[in-house]
**Q** 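Have a look at this one.
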Amino acid sequence: MRHISRRGFISASGAALGALPLVRSIDALAQVTNPVFRHGVASGDPLTDRVILWTRVTPPAGAVAQSVSWELARDERFTRVVTRGELQTGAARDFTVKVDAVGLEPGSIYYYRFQANKAQSPIGRTKTLPANNVSRVRLGVVSCANLPQGYFNAYSCLANHDVDAVLHLGDYFYEYPNKQYGDGTALGRIPAPDKEIISLQEYRERHAQYKADPDSQEIHARHPFIVTWDDHEFANNTWWGGAENHTPATEGDWTIRRAAAVQSYYEWMPIREDLQTLTPRIYRTFRFGDLATLFMLDTRLVGRDQEVDRTDLAALASPSRSLLGKAQENWLAGEFAESVRNNTTWNVLGQQVMFAHQAAPGTAIPNADVWDGYQASRERVFDMIEQLKVNNLAVLTGDIHSSWAYDLPRRPFDGYDKKSGKGSLGVELAGTSISSPSNIGVGPDGAKQLAGYVAARPHLHYVDGRYRGYFILDLTRQRLQADFYAVATVQERSTKERFEKGFITESGRNHLIEASKPA
Ligand SMILES: [Fe+2]
C-alpha cells in the first residue's frame, strides 16, 4: 500500500498541518487531525425553519454513552449564537449525533459546531430553504463515489461553488471488497472492512471510512445535503425483496441485511429520521417557495419489483410491475397536485435511474435496471404529468457514471423533432460520477460512439462518459440551466476542474438547448 502523498495532504488541508506525520490511510489521517471528531460534521434536509446537524464522536475505549453539546450561530466566530443544546449518544447508534435545529429564519446561512470530551468539532456551514419571493435556486448534483477508484476531488471542487444545497442521488458508497469493483491498492484506498459488507457493524465501518475522507468532509462542512440512496448503499441492483449481489444461502436473510444497511444509513447520513426507520420511507418533498418543488424518490427499496430480462418484452411492459410501488406513486400524484395548486414554476424529481427511453418500445432494451425495465410505471408518471398539467418537469438522475441531457417526449421514437422540441413534457439531466468509471465514449472511437448515441435517439442532446465530476442545476423564473463540471483527475488529489457543457430550457418549453457559458 502506498501512503497518501504529503503534497496532496498539504494542498488540501492547509500548510498548518504540514508538520503532522505521514499517515497510512484516510481514516488514520482523520484520526490525527481531530481524534474525537474524526468523521467531520454535516448538515441536511434543510426546511425553511430547521436543518439537521450531524456529527460522530469517537468515544474513549469502553464507553457506552457520551454527552455532546452543540451550538448554531449566525456568524463563523459564534458571537451571535441562535440556538444550542446538549444530548446523549451511545453505542446503540454507533456514537453518531443528530440534531434537528429548529426556529431558524428562511433562506439564511448558519454556522454550527459540537463539543465533547473537551474537544471541538470542525465548524460547519449550512443554509435553510428560502420561503417567499424566491428568484433563484442553485443545487449541486452528485452521485456514485467509489473509494478505491479515485479521490473525491469533485466533492472539494463543488464545495467551493455557491449552491443552496447538494443533492446526493445515491451510491454514496459501494458494498464491495477491494478488487471487486476497482483496486485501491496503489492509492491507499482499500475498502474497510476489506470484504463485502453484510452485517450492521460492517455497514457502519464502511460509512465511517467514507466520512473520514477529507474531500467528503469538506463538502459536508460547506453545504447542506439532501440525500437519497441507490442500490450500493445496500447491494448491487437492489429491489424490495433482494439484490443481484445478495445470495441468501451464503449471506443470510435479505431483510436482516436490508435492516442493517438502513439503520447505518440513518445513523451516518444527515437525513431527518421518522418513525419508519426500519420500514424506510426516504421519499420526501422540499419546497423552494413557488420557484421549485423538489421530489426526492426511492426507485430502489420500497417498491421496485425484481428486474426481468431485457429482451422479455411482455414483462418489461407489464402493468403489474412497478418501480415506485403503489404507495409512493399515490404520494407522488398528491405532491404533484399540490405543487400545481401552488403555481410552482419548476417541478424537479431527484431520483436514481435513467427515466428517458433508451430504445423504442417493443424492442429489446440496453439495460433493464432503469425505467425502461418498468415501462408501465413510467407511463403512469407521464399520465400524472399530463392529467395534472405539471409544468416544467426536470428529472435529475444518478447511477449511470456518465452525463446525459434528454428532452422527455412521451413517444420519442415516433417522429420527435429535437430541434423544435414540440410535444416534450420535461427534461432529464443525468450526472456523471464522483469517481466510478464509465466506458461510454472512451477509446479511439469514443467521439464517434457518442455521436452515434445522439444520432440514434431523437430526444438525446448530449452524452459523455469520459470525465468524472458533477453538475449544478440553476433555476430562475425564466429558465433552468444545468452546468456539467469535469475534474482534471481522480488519480491524485486536485482541485482542478473545468466547465464542460451547459444546457438551458426556458420555462414552458421542456426543450434543452446548449448554453455557451455557465449560469
Ligand atoms: Fe454507481
Side-chain angles (χ1 to χ4, degrees), residues 140-155 158 166-184 187 189 191 196-197 203 206-207 209-210 213 215-216 219 225-239 243-246 261 264-265 268-269 282 296-301 304 307 323 349-356 358 366-373 395-404 428-442 463-471 484-487 490:
V141 185
V142 297
S143 61
C144 297
N146 188 23
L147 192 107
Q149 271 160 329
Y151 291 95
F152 299 161
N153 294 328
Y155 281 158
L158 178 53
V166 172
L167 309 190
H168 203 301
L169 300 180
D171 291 358
Y172 187 86
F173 65 42
Y174 287 77
E175 81 276 20
Y176 299 111
N178 196 39
K179 298 185 184 171
Q180 199 170 325
Y181 188 50
D183 183 352
L187 300 179
R189 292 169 75 82
E196 184 182 328
I197 51 175
Y203 277 101
R206 191 63 57 87
H207 271 291
Q209 182 184 35
Y210 276 65
D213 179 272
D215 297 308
S216 170
I219 192 171
F225 269 49
I226 297 173
V227 301
T228 187
W229 50 47
D230 196 9
D231 51 337
H232 291 287
E233 286 87 345
F234 304 87
N236 186 51
N237 287 7
T238 295
W239 57 285
E244 178 274 331
N245 190 26
H246 180 74
S264 63
Y265 189 88
W268 281 85
M269 298 298 283
I282 202 173
M296 294 297 282
L297 300 187
D298 177 0
T299 64
R300 275 297 168 195
L301 202 65
R304 174 189 281 252
E307 191 175 325
L323 193 58
L349 287 183
Q351 56 98 50
Q352 295 81 3
V353 290
M354 192 67 89
F355 187 79
Q358 314 289 295
N367 177 4
D369 180 59
V370 300
W371 286 83
D372 264 0
V395 180
L396 312 183
T397 302
D399 183 67
I400 192 137
H401 309 176
S402 43
S403 304
W404 302 72
E428 179 169 16
L429 290 314
T432 179
S433 57
I434 298 299
S435 69
S436 302
S438 164
N439 56 15
I440 294 178
V442 175
V463 55
D464 200 336
R466 296 174 297 183
Y467 59 87
R468 312 279 68 77
Y470 60 91
F471 68 94
F484 292 93
Y485 285 87
V487 296
V490 296

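These values consider heavy atoms only, across backbone and side chains, with no hydrogens, waters or symmetry-generated copies. Start at 1 and go down the list; that is how both ligands and their atoms are numbered. When a residue number appears, it is its place in the shown sequence, counting from 1.
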**Q** Under 3.5 Å, is there a donor-acceptor pair between the Asn237 and Asn245 side chains?
**A**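 The criterion, which ignores hydrogens and geometry beyond distance, is not satisfied for Asn245 and Asn237.
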
**Q** For this output row, return yes or no: ring centroids of Tyr265 and Phe234 closer than 6.0 angstrom.
**A**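 They do not qualify: ring centres at least 6.0 Å apart.
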
**Q** For residues Gln351 and Trp371, determine if any side-chain heavy atom of one lies less than 4.5 Å from a side-chain heavy atom of the other.
**A**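 Contact flag for Gln351/Trp371 side chains = yes.
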
**Q** What distance separates Met354 CE from Asp399 CG, expressed to the nearest 0.5 Å?
**A**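 Taking CE in Met354 and CG in Asp399, the distance rounds to 9.0 Å.
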
**Q** Using a distance threshold of 2.8 Å, what protein N/O/S atoms lie below it relative to the Fe ion (ligand 1)?
**A**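 Short answer, with waters excluded from the count: Cys144 SG, Asp171 OD2, Tyr174 OH, His401 NE2.
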
**Q** Roughly how far apart are Asp171 CG and Asn236 CG, rounded to 0.5 Å?
**A**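 Going from the CG atom of Asp171 to the CG atom of Asn236 covers 8.5 Å.
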
**Q** Distance from Glu233 atom CD to Arg206 atom CZ, nearest 0.5 Å?
**A**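 Interatomic distance, Glu233 CD to Arg206 CZ, rounded to 0.5 Å: 12.0 Å.
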
